[in-house]
Amino acid sequence: MNGIRKLTAVVALLLSFVAYASGPTRHFEDFAGKEGAEYSYVSPLMIKAKSCVRFSSRESGRSTFLTEKEVSMVESVTVTDMTDIKKLDEMTAKIIRNNNMELFVSSRKPRLRYEVYGNFSGDQKRAEKLLVIRYEVDESFSAVYMEGSINLQGFGYVLSPRQM
């Protein structure tokens, strides 16, 4: 019986190492290398090595740097194929639902939807997860997903569209 307990403990320990080593969940990886899609992923290790990541917004025309203390991973995708647009729209809805995200910013123009979703940390000043969506009807769907401890007071001006 002791042998089974030891074996179970070793297997559990190995599984936890594998889960840690594999890193955060990559939501959009299926689009990597797909025709008509642009995909990028910045791992926690790369962010630590670079010490910061630049984030730019077409909606606000502004950019800023997020430090390794603020962001731990970034994943982005843009698709242009209508089948992929529908699939990505469904995926982002699932991310929002599964992470209990709130709508932080919304801007709509004819044929354009821009939304930022996230969930707050305990102090309500930082987001632990952010999802930025830009959808141009019948043209493209872009999504950027970030995890970390993102200071919304400093980063919010980058996320807000020009007309706000």
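Small disclaimer: the values here were computed from a predicted structure and weren't measured.
In this structure, the side chain of Asp89 does not engage the main chain of Ile85 through any donor-acceptor pair within 3.5 Å. Judged by distance alone, with hydrogens and angles left aside, the side-chain atoms of Ser51 form no donor-acceptor pair with the main-chain N or O of Lys48 at under 3.5 Å. Side chain of Thr80 to backbone of Gly36: a donor-acceptor contact under 3.5 angstrom is found. Checking side-chain atoms of Asn151 against main-chain N and O of Gln153 turns up a donor-acceptor pair under 3.5 Å. Judged by distance alone, the side chain of Arg126 and the main-chain N or O of Ile150 form no donor-acceptor pair under 3.5 Å. Of the possible polar contacts, none joining the Ser140 side chain to the Val79 backbone as a donor-acceptor pair under 3.5 Å is found. A side-chain donor-acceptor contact under 3.5 Å links Tyr114 to the backbone of Leu159.
No continuous path of hydrophobic side-chain contacts links Val42 to Phe65 [ILVMFWY only; heavy atoms under 4.5 Å]. Note on Phe104: it does not cluster hydrophobically with Leu112, by side-chain heavy-atom contacts below 4.5 Å among ILVMFWY residues.
Interatomic distance, Ile96 CD1 to Leu103 CG, rounded to the nearest 0.5 Å: 8.0 Å. Here CG of Asn119 is found 7.5 Å from CG of Asn100. Values are rounded to the nearest 0.5 Å. Put simply, CE on Met73 and NZ on Lys129 are 9.5 Å apart, with the number rounded to the nearest 0.5 Å.
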* **Worked verdict on Ile133 versus Arg113 for side-chain contact (heavy atoms from CB on, under 4.5 Å)** => CA-CA 8 Å; Ile133 297 170; Arg113 181 178 105 210; 3.8 Å; yes
* Asked: Going through the checks in order, is the salt bridge (charged side-chain N to carboxylate O under 4.0 Å, His left out) test met by Glu115 and Arg108?
  -> CA-CA 9 Å; Glu115 297 169 336; Arg108 293 178 187 251; 2.6 Å; yes
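Of all heavy-atom pairs between Lys34 and Asp84, the closest is NZ-OD1, 2.8 Å. Minimum interatomic distance between Pro161 and Ser107 (heavy atoms only, all atoms of both residues): CG-CB, 3.6 Å.
Between the side chains of Ser76 and Ser40, at least one donor N or O lies within less than 3.5 Å of an accepting N or O. Donor-acceptor pairing under 3.5 Å is lacking for the side chains of Arg62 and Ser57.
Looking at Glu136 and Arg134, a side-chain N of the basic residue comes within less than 4.0 Å of a carboxylate O on the acidic one, giving a salt bridge. Here Lys86 does not pair with Asp81 in a salt bridge; the nearest charged N to carboxylate O distance is not below 4.0 Å.
Residues passing the side chain to side chain donor-acceptor pair (under 3.5 Å) test with Glu75, sequence neighbours excluded: Tyr39.
The aromatic rings of Tyr135 and Phe141 sit tilted relative to each other, their planes meeting at an angle between 30° and 60°. The aromatic rings of His27 and Tyr145 stand perpendicular to each other, their planes meeting at an angle above 60°, with 30° marking the opposite boundary.
Two residues are said to be in side-chain contact when any heavy atoms from C-beta on lie closer than 4.5 Å; Cys52 and Leu66 fail this criterion. Looking at Phe28 and Met91, their side chains come closer than 4.5 Å, going by heavy atoms from C-beta outward. Contact check for Lys125 versus Leu152: no side-chain heavy atoms found under the 4.5 Å cut-off.
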